[in-house]
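Written out below as structure tokens is the structure these notes cover.
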Amino acid sequence: MNTKEIEEKWIKYWEENETFKTDINDFSKPKFYALDMFPYPSGVGLHAGHPEGYTATDIVCRMKKMQGYNVLHPMGFDSFGLPAEQYAIKTGNHPAKFTNENIATFKHQLKTLGFSYDWQREISTSDASYYKWTQWIFKRLYEKGLAKYVDMPVNWCEELGTVLSNDEVINGKSERGGYPVVRKNMKQWVIDIPKYAEKLLNGLDNLDWPLSTKEIQKNWIGKSIGALVTFKVAGTKEEFKVFTTRCDTLFGATYCVLSPEHELVEKITVPSQKEEVAKYQKECSLKSDLERTELNKEKTGVFLGAYAINPVNQKEIPIYISDYVLASYGTGAIMAVPAHDERDYDFAQKFNIPIIQVLEEVTGEVHENETKKNSIVAIVYDEEKDLYLTLNWHELGGRLFIGGTIKENESATSCALREIKEETGWENLELVHTLPIINHHYYAYNKDKYFNIESTGFFFKITKNSIKSETNLDDDEKFDIEWVPKDVIENEVKDSLHAKTFYYALNPGAMEGDGSHINSEFLNGLNKEEAIKKMIEWLEEKGLGKKQVNYRLREWIFARQRYWGEPIPVVHMDDGSIKLVPDEDLPLVLPELEDYSPSKTGASPLEKATNWVNVTVDGQKGKRETSTMPGSAGSSWYFLRYIDPHNDEKLADYKLLEHWMPVDLYVGGPEHAVGHLLYSRMWNNFLYDEGIVPYAEPFKKLVHQGMILGSNGIKMGKRYPEYSVNPMDIVDQYGADTLRFYEMFMGPLQADKPWNDNGVVGSKKFLDRVWNLYINENKLTDNDNKNLEKIYHKTIKKVTNDYETLNFNTAISQMMIFINAVYKEKEYPRYMALDFLKLLNPICPFITEELWQRLGNDASIANASWPVWDESKIVDDQIEIGVQVNGKLRASITIDVDLSEEEIKNKALDTDNVKKHIEGKEIVKIIVIKNKIVNIVVK
RNA sequence: GCCCAAGUGGCGGAAUAGGUAGACGCACAGGACUUAAAAUCCUGCGGGUGUAAUAACCCGUGCCGGUUCAAGUCCGGCCUUGGGCACCA
């Protein structure tokens with residue numbers, strides 16, 4: 001088989017005959033729109049991962065076409081981007097030259113692989129005829145106030161000379177290149193995607209997408225429901241709002257924190273603190289994002305000297321600034337509840353701010369007639385030895401810490417010290433933390449009474465001054481004093497009160513879940529949900545706050561200080577106003593430059609095109625915007641343009657969109673979960689709201705292909721070039737069919753899979769086996785062959801269903817089983833041979849076209865109709881089922897399918913090995929699951 | 001730390017309304033064809049005890065426990081790997 005010759009022949013045939021041209025206006029058949037994530041045409045051509053997803057959609061498309069669907073299967077290029085620009089900087093050539101050369105290479109390679117794209121619908125985001133409409137959409141966003149020119153802190157990457165959007169920054173470094181990114185205030189174009197947060201969140205519900213991707217989008221949007229609470233600044237007319245999800249803990253708010261950038265800081269700082277505050281603000285502004293997150297261990301901050309008034313109790317509480325409060329989230333200000341937030345706790349400890357507990361954990365089981373009392377649990381820690389002091393009561397109560405009842409007129413602390421001394425003899429300990437009060441219910445066996453206690457926890461440490469004296473214990477105090485490490489406590493301290501107390505000792509401020517409210521006046525006794533509801537009602541009634549939804553999602557930074565992108569179609573007039581470039585002047589085409597290099601100061605290369613930049617509009621002078629749009633602009637709507645790629649009047653005809661959208665199957669990598677896949681949903685939702693497109697959600701079903709790893713199990717790439725595979729080399733050596741077949745057989749589409757050269761050879765062997773069967777073996781016959789009938793119908797069924805659900809590896813294994821069976825036969829009926837070619841065709845279009853023709857067919861197999869199976873021919877009349885005794889397989893029997901339960905039982909019991917295992921035992925029952933298994937239970 | 005996904009032979013992977021674990025392929029071993037090799041075709045192939053060979057038995061789907069006549073599949077608790085988020089109030 002000469003794969004090269006065959007492949008070239010059919011590529012030419014399909015092109016000349018327009019085999020895969022979509023008649024977009026033919027609404028008579030059901031439609032199927034399959035979309036691949038279009039590639040960035042890099043200089044190196046396709047990598048091993050491209051053919052995987054592309055083959056997957058191609059298989060489904062080819063099957064759907066044969067099943068009578070009108071299939072739309074387009075391809076294009078995401079052709080704006082940095083590599084082309086860097087090439088232009090180096091060579092002085094226009095980036096378009098480089099881009100077009102690469103597109104030509106990509107297109108050639110894609111054709112070589114046999115994908116059934118309708119190339120007449122090809123688009124390229126850097127074509128002016130395409131980006132005309134990208135600019136047009138931008139204008140609509142601007143008109144609706146969704147594209148905004150604002151002064152705000154943005155991600156500035158010095159090395160790349162541009163600002164970046166949040167999804168392009170990973171751990172404080174640029175996604176591309178890994179260069180440091182800092183926060184910098186710049187006047188920038190942003191898209192107000194948070195306005196669409198709710199729609200983007202709700203829209204996910206009805207999408208057939210991977211759960212993990214939906215989850216990532218949900219987290220990225222980050223909806224939280226809470227309240228906005230107004231705090232007045234004592235002695236001034238100023239006030240500020242805080243966002244909180246736990247307004248029920250307001251009684252425990254003992255200070256407030258503003259972000260260092262908060263606008264109120266200058267106004268309310270008292271004169272004596274001004275210097276220190278200014279110094280701290282400066283320190284924070286110089287920190288990069290990376291430093292700011294890395295240095296999150298030790299809390300820092302400065303007191304403003306000003307006080308806020310807690311609206312629930314009129315108490316004056318200090319106001320600080322600290323960089324643990326982010327300017328960009330919520331209102332940039334918080335109320336701090338150190339008792340129930342670890343960060344606030346750390347800060348309060350460091351600055352000696354009071355801690356008020358307002359939530360109380362309830363442990364144990366509630367009973368009637370409980371006796372109430374107050375008590376303590378004391379934990380004593382030896383830091384040097386890393387051991388904790390416990391009392392081992394053995395069978396009387398297990399391992400516990402020191403406990404005791406608070407006497408009348410005694411404070412909790414002195415009770416704790418007294419109990420420690422009485423029970424263990426230790427004195428002069430250092431109190432590390434007072435732990436939250438726990439409301440505990442229990443039953444005391446020795447007193448036969450139910451108790452309900454308010455237990456205060458204490459965490460003490462032994463110091464050099466600590467002393468131990470002899471103890472004088474009562475007779476009923478039968479315990480051993482044991483010093484044990486942490487893991488022994490975690491395993492052995494079973495009592496819920498003591499275990500919880502220990503947890504709080506190690507995690508101060510961690511009590512932030514549900515609990516019963518205390519110290520909270522009108523909220524006392526309520527749980528979290530009730531208390532939040534009541535507090536919001538109270539705040540709203542008094543005009544001090546209201547219910548508020550907040551999102552983590554931020555503005556989409558929409559400008560890049562680069563050349564190779566869509567020009568933003570606006571003019572900044574000398575009087576400071578902004579004018580849009582009129583629709584009739586679109587596309588606003590990129591000017592040619594002598595020098596494409598960026599500047600370190602944040603100026604776009606376009607500033608050098610002075611003739612282009614300086615314009616007069618309506619007799620007024622102005623300058624064009626010189627930043628360009630990000631790469632994610634053009635890819636946010638390309639799926640619409642495929643439907644009507646040559647339309648000069650509209651981005652796409654509404655009637656066509658109505659018929660063809662949404663995309664039925666979208667395949668691409670999971671790395672676009674919060675970039676492209678969120679941005680395109682936002683644009684499409686916006687265009688829907690504007691009545692430009694007929695459906696809000698663009699992608700009905702989404703599937704992520706996994707990564708093709710090197711044979712070492714590690715991602716292919718620069719690090720391990722010796723393990724990287726160039727798909728074109730595989731095509732040269734084994735043919736495109738083999739590459740497609742192998743990548744589909746490797747494993748589930750969605751999984752990451754290591755490359756294996758032997759696997760490629762194995763795939764080629766199978767295709768050779770098929771070829772030989774049709775060409776060299778004289779088995780083809782016009783007779784029928786009953787031996788193959790069942791497997792033939794089964795194969796059609798399995799392959800059809802597996803293609804539909806994208807389980808290509810198991811479809812292939814079924815085809816192998818079929819071919820193995822044919823090899824064992826003398827005669828291969830012609831109709832089966834033809835139908836098998838149809839089943840294999842979506843994966844291996846070349847070899848199947850060739851064999852189809854050699855079997856005497858004129859037209860392309862792509863136009864043949866998909867085979868159908870006969871369910872009645874699949875049913876077995878005899879099957880083998882297992883026989884178990886007490887759940888262990890002891891035999892298997894062959895039975896007629898319609899055999900009665902009684903007969904199956906008899907047959908099972910009549911088997912030698914089964915007899916052996918039930919001999920002398922009593923049969924308890926016999927379970928017969930029709931056509932599956934028999935299980936005999938004996939005693 | 002929080003959220004999500006996944007752990008099955010030497011390897012890639014099959015099998016989930018709970019019902020004979022290891023389909024199919026790779027690798028490996030043996031055989032046929034050949035002067036020979038390659039290619040091709042056929043057979044075997046989870047680990048162990050056992051047998052001349054069969055038979056038969058035991059163990060086995062990351063670990064521990066549970067539910068069930070029956071668990072890779074369901075439940076509880078861990079461990080490991082991958083991905084996402086991370087001072088988000």
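Just so we're on the same page: letters track the sequence lines, and every chain starts at 1.
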Can you tell me the pairing partner of B/rA5 across any strand shown, Watson-Crick or G-U wobble, with both distances under 3.5 angstrom? B/rU81
Interatomic distance, A/Glu342 CD vs B/rG1 P [rounded to whole Å]: 11 Å
So A/His704, base contact, sugar-phosphate only, or nothing? Heavy-atom distance under 4.0 Å. nothing
How close or far is atom C1' of B/rC69 from atom CD of A/Glu922, stated in whole angstroms? 15 Å
Taking atom P in both B/rC24 and B/rC42, what distance in whole Å separates the two? 13 Å
Please check if the side chain of A/Gln281 supplies one atom and the backbone of A/Pro260 the other of a donor-acceptor pair under 3.5 Å. yes
NA contact type, A/Ile881, heavy-atom cut-off 4.0 Å: base, sugar-phosphate, or nothing? base
Determine, for A/Lys223 against A/Glu198, whether the closest basic-nitrogen to carboxylate-oxygen distance falls under 4.0 angstrom. yes
Rounding to an integer number of angstrom, what distance separates B/rC79 and B/rU20 when you compare their C1' atoms? 31 Å
Mind checking A/Ile929 for me? I need base, sugar-phosphate or nothing, with any heavy atom below 4.0 Å counting as a touch. base
Determine: side-chain N/O of A/Asn913 to OP1/OP2 of B/rC57, distance under 4.0 Å, yes or no. yes
For A/Ile843 and A/Arg740 the tightest heavy-atom approach is O-NE, 2.8 Å
For B/rA70, give the paired nucleotide (Watson-Crick: N1-N3 plus N6-O4 or O6-N4; G-U: N1-O2 and O6-N3; both under 3.5 Å), or none. none
Evaluation steps, side-chain contact (heavy atoms from CB on, under 4.5 Å), between A/Phe347 and A/Arg343: CA-CA 6 Å; A/Phe347 192 91; A/Arg343 294 156 300 169; over 6 Å; no
Would you mind calling B/rG22 syn or anti? Take O4'-C1'-N9-C4 for purines or O4'-C1'-N1-C2 for pyrimidines, and syn is within 90° of 0. anti
In Watson-Crick or G-U wobble terms, both distances under 3.5 Å, what is the partner of B/rA86? none
Would you mind classifying the nucleic acid contact of A/Arg890 as base, sugar-phosphate or nothing, using non-hydrogen atoms under 4.0 angstrom? sugar-phosphate
Could you check whether A/Asn820 gets within reach of a base, just the sugar-phosphate, or nothing at all, counting any heavy atom under 4.0 Å? sugar-phosphate
For B/rC28, give the paired nucleotide (Watson-Crick: N1-N3 plus N6-O4 or O6-N4; G-U: N1-O2 and O6-N3; both under 3.5 Å), or none. B/rG44
Nearest heavy atom decides the nucleotide; on that basis, is A/Lys925 or A/Leu211 closer to the 5' end of RNA chain B? A/Leu211
Do A/Asn772 and A/Arg769 have side-chain heavy atoms sitting under 4.5 Å apart? no
With a 4.0 Å cut-off on N to O distance, would you call A/Lys764 and A/Asp768 a salt bridge? yes
Looking at B/rC41, does its base get a donor-acceptor pair with the side chain of A/Arg769 below 3.5 Å? no
Considering every strand and a 4.0 Å limit on heavy-atom distances, what is the contact class for A/Asp768: base, sugar-phosphate, or nothing? nothing
Write down the distance separating the C1' atoms in B/rG19 and B/rG72, rounded off to the nearest Å. 13 Å
Taking for each residue the nucleotide of RNA chain B bearing the nearest heavy atom, is the 5' side occupied by A/Lys824 or by A/Met746? A/Met746
Using a cut-off of less than 4.0 Å, is there contact between a side-chain N or O of A/Asn809 and OP1 or OP2 of B/rA14? yes
Across the strands shown, which category fits A/Asp752 at heavy-atom distances under 4.0 angstrom: base, sugar-phosphate, nothing? sugar-phosphate
Quick one: the side chain of A/Lys299 and the base of B/rC87, do they pair up donor-acceptor inside 3.5 Å? yes
Considering only the C1' atoms, how many Å lie between B/rG50 and B/rU43, rounded to the nearest integer? 24 Å
Rounded to whole angstrom, note down the C1' distance from B/rA5 over to B/rG62. 15 Å
Is there a Watson-Crick or G-U wobble partner for B/rU35 with both distances under 3.5 Å, and if so, which one is it? none
Is the phosphate of B/rA89, meaning OP1 or OP2, less than 4.0 Å from a side-chain N or O of A/His340? no
Reckon A/Lys916 touches a base, only the sugar-phosphate, or nothing at all at heavy-atom distances under 4.0 Å? sugar-phosphate
N or O in side chain of A/Lys765 less than 4.0 angstrom from B/rA38 OP1/OP2: no
If I pick the P atom on B/rU73 and the same atom on B/rG66, what distance separates them, to the nearest angstrom? 14 Å
Students often get this wrong, so: under 4.0 angstrom with heavy atoms, is A/Pro748 touching a base, only sugar-phosphate, or nothing? sugar-phosphate
Does B/rG50 have a Watson-Crick or wobble partner in any strand here, with both distances under 3.5 angstrom, and which is it? none
Name the nucleic acid region contacted by A/Asn758, choosing base, sugar-phosphate or nothing; use a 4.0 angstrom heavy-atom cut-off, strictly under. sugar-phosphate
Measure from the side-chain N and O atoms of A/Asn886 to the backbone N and O of A/Val938, and report whether any donor-acceptor pair falls under 3.5 Å. yes
Distance, rounded to the nearest Å, where A/Met744 contributes CE and B/rC26 contributes C1': 18 Å
When you compare B/rA39 with B/rC45, how far apart are their C1' atoms, in angstrom units rounded to a whole number? 23 Å
Base, sugar-phosphate, or nothing for A/Gln884, non-hydrogen atoms under 4.0 angstrom? base
Mind checking if A/Gln814 touches a base, just sugar-phosphate, or nothing, with heavy atoms under 4.0 Å? nothing
Measure the shortest side-chain to side-chain distance between A/Ile817 and A/Thr795 over non-hydrogen atoms and say whether it is less than 4.5 angstrom. no
Look at all strands and tell whether A/Ile927 reaches a base, only sugar-phosphate, or nothing, counting heavy atoms closer than 4.0 Å. base
Taking only the P atom of each, what is the distance from B/rG47 to B/rU61 in whole angstrom? 15 Å
Paired nucleotide for B/rA15 [Watson-Crick or G-U wobble; both distances under 3.5 Å]: none
